[in-house]
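Residues: numbered from 1 along the sequence shown. Order of appearance sets the numbers: ligands from 1, and atoms from 1 within every ligand. Owing to the predicted nature of the structure, the values given are computational and were not obtained by experimental measurement.
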Amino acid sequence: MEDYDLVIRGGTVVTALEQFRADIGIRAGRIAAIGTGLDGAARIDADGLLVMPGGVDTHCHLEQLRPEGGADEESFVTGSTSALAGGTTSAISFAVQFKGCGLGATLNEYRRRAAAAMIDYSFHQIITDPTEAVVAQEIPQVVAAGIRSLKVFLTYDALRIDDRAYLAVLAAAHRTGALVTVHCENYDAIAWRTAALLADGHTTPKYHPWSRPEVVEREATYRAIALAELVDQPIQVFHVSCTEVAEEIARAQARGLKVWAETCPQYLLMTEHDMDRPGFEGAKFMCSPPPRGPDAAAGLWEQIRRGTLDVISSDHSGYSYDGPAGKRINGAEASFRDIPNGIPGIGSRLPILFSEGVSKGRITPSDFVRLTAFNPARLFGLAEKGRIAPGADADLVLWDPARRMTITNSLLQHRIDYTPYEGLEVTGWPVLTLRRGEVVMRDGVVQAEPGSGRFLARGPYDFIRPLGRLPHGYDAAAAPA
Ligand code: URP
Ligand code: ZN
Ligand code: ZN
């Protein structure tokens, strides 16, 4: 009998710490050995290639239900296809609570839709209306079902919660052992500036960043952190766009708080000037917070190097450019206020980051692995993901560091009809993806069966345990309801 089902031979194995030449032996979908001279029933030659953990994308919107009915255009099948083509094997998407509704009904619908996925997946539960029943009964049920992260928005009409409601969510997470992720922008400040801009006739996508400048994000980030400190609840700040926001986070981290933060490729490659393109074209680049001025990316790379920002996710959003359900859902003449926010990126995240980061010498291959796989898996309690170690799931991507490619939308294989990175030249490309030991992408051809992805139930884990630091030692979250 052969020792292993499959051996990846002779590649350069890249872990979160180091890189070395080795073979990887895989048995029953897991990494069984890392060594030399391994042999198995099947072999893949990785000579000249990097062998890295499959990407873990902990922020992407797949088939997210919309309050007006229907769902975002990127389905779990098309989103999985793009992910696998780009070397990502696991993702955390979102289940939204609609205001006035409970959590149960929509969660079942997400589980039903996600059953078609080919990547392994979990959800963040978005809380928009933390009623007594939601807080006391439903959040504990959702967390017990393995959805161990709650997401809140401090802006957007349909989703935002105020400070009191945010405290209620933080307290529920504190009691149940969940992580809270936060979209930090000040709702009222944006509404105030938007009203002024529109009254002045400034309606085009160019004015989207004007409506929500850096200070709006910084204020909300400061508040999100301060209230989390009050409750002693760990949080992750989503999609940090600029240095002044990262500096708020660094200050909190320096005080020992459990505050983590992600950024996304769009903030490293795009600027606010991308929204100032002729006609409606700027809508392709609209997301929130918006990309900032031309110096912002350099500042973010510095914060990545310092470790303030330790996860890079895609924030993949399902809005096409031409279709009626996407950017033009309110018409091609819609003002920036009424154009949906978000850009696609689940498939381009790793190639773009490798090229801009590793190939351009800004980060090492191990940094890349930490930012895109190891850290997100550790933060969100995915112990079997994001690592190359005996016992871990054999989710691997074989990467040609020298391959030069030009990004085109068709290469990305998502359903969205555009990529903001069209024409971008990259160095480094994924040539083969393994999910739990199975080849699911070879040379750009995705060969996974719909429904072969697994739900990742996330149990309790130490990394996000509260610090036990409470003002006056009083745990208000534990008080009787
Ligand atoms: O503009 C963005 N980021 N759209 C997706 C939803 C969100 O805010 O994460
Ligand atoms: Zn957001
Ligand atoms: Zn998002």
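- Considering only non-hydrogen protein atoms, atom 1 (O) of ligand 1 sits nearest to S288 N, 2.7 Å.
- When the N, O or S atoms of H239 are ranked by distance to the Zn ion (ligand 2), NE2 comes first.
- When ring centroids are compared, H61 and F94 come within the 6.0 Å threshold.
- Closest to atom 3 (N) of ligand 1, if we only count protein heavy atoms, is D315 OD2, 2.7 Å.
- In this structure, R148 forms no cation-pi arrangement with Y461, as its terminal cationic atom is not both closer than 6.0 Å to the ring centre and no more than 45° off the ring axis.
- Within H183, the N, O or S atom lying nearest to the Zn ion (ligand 2) carries the name ND1.
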Hey, mind stepping through D57 and T88 against side chain to side chain donor-acceptor pair (under 3.5 Å) and telling me if it holds? CA-CA 7 Å; D57 190 348; T88 286; 5.5 Å; no
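- For the pair R160 and Y187, the cation-pi criterion (under 6.0 Å, within 45° of the ring axis) is fulfilled.
- Here F238 has no heavy atoms under 4.0 Å from ligand 1, in either its backbone or its side chain.
- The nearest N/O/S atom of D315 to the Zn ion (ligand 3) is OD1.
- At least one N, O or S atom of H61 sits under 2.8 Å from the Zn ion (ligand 3).
- Those atoms of ligand 1 that come under 4.0 Å of a heavy atom in C287, given as number and element, are 1 (O).
- Figure legend: R328 and Y321 shown as a cation-pi pair, the cationic atom lying under 6.0 angstrom from the six-membered ring centre and within 45 degrees of its axis.
- Residue H183 has at least one heavy-atom neighbour below 4.0 Å for each of these atoms of ligand 1: 7 (C), 8 (O).
- Using a 4.0 Å heavy-atom cutoff, H59 is listed among the residues neighbouring ligand 1.
- Around atom OH of Y222, no more than 12 heavy atoms belonging to other residues, nucleotides or ligands sit under 6.0 Å away.
- Taking the six-membered ring for Trp and the full ring otherwise, Y267 and W301 have centroids separated by 6.0 Å or more.
- Aromatic rings of Y156 and H183 (six-membered ring for Trp) have centroids within the 6.0 Å cut-off, being under it.
- Scanning all protein heavy atoms for the shortest distance to atom 5 (C) of ligand 1 gives S317 OG, 3.3 Å.
- The OG1 atom of T372 sits 7.0 Å away from the CE atom of M52 when rounded to the nearest 0.5 Å.
- Every atom of ligand 1 with a heavy atom of F153 under 4.0 Å away is listed here by number and element: 7 (C), 8 (O).
- Atom CH2 of W210 sits in a sparse spot, with 12 or fewer heavy atoms from other residues, nucleotides or ligands closer than 6.0 Å.
- Sorting the N, O or S atoms of H59 by how far they are from the Zn ion (ligand 3) puts NE2 first.
- The protein non-hydrogen atom at the shortest distance from atom 4 (N) of ligand 1 is N341 O, 3.3 Å.
- Considering only non-hydrogen protein atoms, atom 6 (C) of ligand 1 sits nearest to H61 NE2, 3.5 Å.
- Listed by number with element, the atoms of ligand 1 under 4.0 angstrom from any heavy atom of G342 are 1 (O), 2 (C), 4 (N).
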